[in-house]
Q: 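Please see the structure below; I have some questions.
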Amino acid sequence: MTWRFLHRWLGLVAGSVALVLGISGVILASYATIDAWRSVPAAADLPISTLAERVARTVKGAEQIRRLPSGDVVVYSFDGGQARTARIDPLDGRVLGSYQPPALSRWVKNLHRTFLLGDAGRVLGASVALAMLLLSTSGLVLMARRMGGWRRLAGRVRGSTLQRVHVVTGRVAVGVLALTSVTALYMSAATFSLVPVESSDDPDVTSQAATAGDLPAIELPLLQTLRVRDLRKLSFPSASDPQDTWEVATNQGSGWIDRHTGKTLAWANAAPAQRIYDWVLLLHTGDGAWVWALVLAAMGASIPLFWATGLLLWRQARRQTPKIRDNSALRGAEVLLFVASESGSTWGFAEALHRAFVQAGQRVHTGGLERFQAGSARQIFVLAATYGDGQAPAHAARALERIAAQPASAAPVTVLGFGDRQFGAFCAFAEALDKQLRVQGWGETLPLERIHQQSAQQFARWGETLAKALRQPLRIDYVPRVPPTTTLTLVSRQDFAGGAGQPAAILRFAWPRQGTLAWLSGRALPHFAAGDLVGIVAPDVSVPRYYSLASSWRDGFLEICVRKLPEGVCSVFLHALKPGDTVQVFIKANPGFTLERSHAPVLLIGAGTGVAPLAGFIRGNRKRHPMHLFFGSRDPAKDFYFGHEIERWLDAGQLASLRTAFSRTPEGGGYVQDALRRDAKRIQELAAQGAIVRVCGSRPMAQGVVDALNDILGAVKLSVQQLKAGGRYAEDVF
């Protein structure tokens with residue numbers, strides 16, 4: 001059983017019950033805070049003897065005084081055959097009004113403690129507490145894995161918006177779940193007498209025979225030394241029983257006092273078990289510490305969001321896992337496809353490959369990588385996604401061990417990896433699989449290929465290469481699931497001649513009006529940041545094309561920079577747009593590339609239309625943090641995209657410096673990596689200051705930048721790989 005399996009099913013099975021406990025716990029913690037704010041506490045040094053004297057004077061038939069966790073003092077009395085409970089002002093003993101906990105508070109407390117089921121509910125509550133302890137433990141382990149280790153547990157969260165919200169709320173929820181689970185288990189154990197709480201029975205003490213009247217409370221020595229701040233309860237001696245005693249219970253212990261002489265008949269210190277229970281109760285409820293109660297309420301409020309996002313992620317994974325049709329038995333299949341997928345998206349690629357082989361007349365079996373074996377297959381393919389810091393998806397956690405235990409067969413095994421280049425361990429699990437297979441002696445039809453961000457285009461090119469290698473027609477028709485789209489209207493465009501005869505345009509779309517119906521249907525455009533991606537669905541095209549955003553939602557518009565490619569269906573469509581025309585779009589988060597708020601300097605490196613997201617970063621730099629742009633293109637007269645805006649941002653201080661390189665003009669300075677080398681000393685200084693680096697452009701350009709920076713940073717014992725490992729370097733390449 002894996003941690004993820006345990007976490008998922010505990011969350012689904014016990015999560016709804018825990019949700020009830022979480023919400024009711026928030027309500028009770030809120031009541032504890034409100035009660036503390038409304039209380040009329042006693043002075044810190046007020047003796048219990050003085051309080052008792054004031055109560056005896058103002059409350060007829062007083063039988064017991066209790067100090068509530070909120071600080072309020074409550075008196076229980078019996079007058080004229082009627083039991084009464086009243087709050088009093090400790091300053092003078094004045095009755096402030098009758099005392100009765102709110103009916104809702106009592107109902108919620110009963111719901112929280114017993115689910116309104118009595119002892120059976122207490123057993124259920126203890127079981128849920130144990131499940132929540134396991135849930136929080138498994139969640140903590142999975143969070144550490146996802147973040148890249150325990151040291152990075154509090155670091156930057158990457159992934160989709162839903163994933164980020166789940167992890168961020170999980171950081172809070174895991175703490176409150178663990179704390180409340182442990183304390184709830186302890187209190188349940190105390191309820192069923194599995195752990196001791198109170199000391200042995202009360203001592204057998206009685207007052208001496210009456211030779212005189214009762215001493216007033218103000219004259220009792222023990223009560224004179226004890227303070228109201230430590231009081232739990234004080235029981236008055238019964239008027240009808242001359243041998244009855246005063247009994248006082250405090251945080252330090254309990255005492256019994258002769259009513260006639262004032263002598264302390266017995267004293268019992270509070271047992272360690274009682275002190276432990278008191279602390280457990282305080283930590284669990286917040287009663288008596290309103291600041292902590294407020295913290296508990298705030299932390300507990302994260303649980304519903306944590307549970308809801310976890311449920312949505314589970315449903316999302318279920319939807320993304322297709323049902324494979326025409327799935328032959330493993331033993332008789334000619335082609336085997338094994339899948340390792342954390343979120344379920346990799347199964348869509350496997351389904352397309354499966355369908356292509358079936359259409360080619362092959363018997364195909366597709367299954368999880370945890371069932372890897374050769375059977376009698378002629379070809380074997382492994383489609384493996386990487387999770388967290390280079391780990392296997394949960395269901396394939398032991399796949400490497402399974403492969404290592406099997407001898408190689410004649411069937412070649414081809415590995416296709418899926419991941420995100422912004423993560424330091426990009427496709428690391430696929431690489432580990434491929435390495436293990438080669439060590440075992442398995443052959444391959446194609447070398448390991450790595451698919452970035454589930455790119456349909458990359459997958460299609462890989463399919464074409466595979467068909468050539470197999471020397472057979474193979475129609476791989478992968479259609480990604482397109483999320484609901486929003487209609488955007490073009491409001492303006494800037495056209496450029498562009499380099500290499502390919503014109504480009506900066507297209508600005510208006511922020512749409514979005515009503516409640518759009519939000520409920522999921523078609524509302526979510527908040528986005530510069531550097532996120534916009535998916536554009538051209539008419540009669542099923543596969544969206546992605547463009548980096550040069551604006552954020554705060555700018556009030558959506559802007560992209562598009563080069564027109566001769567065979568680019570979407571780019572041709574976009575270049576034909578006129579102001580007033582509309583497009584269908586959706587947002588895809590690109591959290592590994594977008595910039596978080598930081599006081600560290602930022603080094604922006606881009607070429608051609610790759611400057612678009614970098615321009616968006618500068619546009620959003622309203623607080624004027626130090627940003628330095630290195631921009632490369634062919635000819636400033638043709639492809640200096642965002643040139644006028646960049647000059648304006650320089651003047652406004654949103655951009656600290658600009659270095660350019662134009663490769664097709666005399667004295668233009670070559671390529672952007674040449675500009676980096678010319679400014680090596682300043683780059684070293686920025687790196688020493690903790691600079692964050694963002695690179696956007698073509699893949700060859702990005703590799704040239706990596707080579708240049710490695711040469712530059714080597715002098716100060718740094719490298720691009722070290723920057724990536726520290727979350728300071730990210731690329732958006734095409």
Q: Give the ring-plane orientation class for Phe459 versus Phe418, where under 30° counts as parallel, over 60° as perpendicular and anything between as tilted.
A: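 Tilted.
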Q: Give the ring-plane orientation class for His452 versus Phe426, where under 30° counts as parallel, over 60° as perpendicular and anything between as tilted.
A: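 Taking Phe426 first and then His452, their aromatic rings stand perpendicular (interplane angle over 60°).
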Q: With sequence neighbours excluded, tell me which residues meet salt bridge (Lys or Arg N to Asp or Glu O under 4.0 Å) with Glu334.
A: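 Salt bridge (Lys or Arg N to Asp or Glu O under 4.0 Å) list for Glu334, sorted by chain: Arg363, Arg378.
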Q: Using ring pair (Phe, Tyr, Trp, His ring centres under 6.0 Å) as the criterion, point out the one residue from Trp442, Phe357, Phe372, Phe338 that pairs with Phe381.
A: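 Passing option: Phe357.
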Q: Give, for atom CD of Glu464 and atom CD1 of Ile476, the distance between the pair rounded to the nearest 0.5 Å.
A: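 These two atoms lie 9.0 Å from each other.
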Q: Indicate yes or no: does Arg677 engage Asp711 in a salt bridge with an N to O separation below 4.0 Å.
A: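 Yes, Arg677 and Asp711 are salt-bridged.
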Q: Would you please classify the geometry between the Phe617 ring and the Phe593 ring as parallel, tilted or perpendicular, with 30° and 60° separating the classes?
A: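 The rings of Phe593 and Phe617 sit tilted, inter-plane angle from 30° to 60°.
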Q: Give a yes or no answer on whether the side chain of Arg728 reaches the backbone of Ala687 with a donor-acceptor pair at less than 3.5 Å.
A: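 Confirmed, Arg728 side chain pairs with Ala687 backbone.
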Q: Quick one: are Gln379 and Leu470 in side-chain contact, heavy atoms under 4.5 Å?
A: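 When only atoms from C-beta onward are counted, Leu470 and Gln379 do touch, with a gap below 4.5 Å.
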Q: Ignoring hydrogens and geometry, is there a side-chain-to-backbone donor-acceptor pair from Arg398 to Ala396 under 3.5 Å?
A: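 Looks like no, no N/O pair under 3.5 Å.
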Q: When rounded to the nearest 0.5 angstrom, what distance separates CG in Asp532 from OG in Ser548?
A: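 Answer rounded to 0.5 Å: 9.0 Å.
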Q: Determine the sole option in Ile536, Val537, Val585 for which the side chain to side chain contact (heavy atoms under 4.5 Å, CB included) test with Thr485 is passed.
A: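 Going through the options one by one, the only one that passes is Val537.
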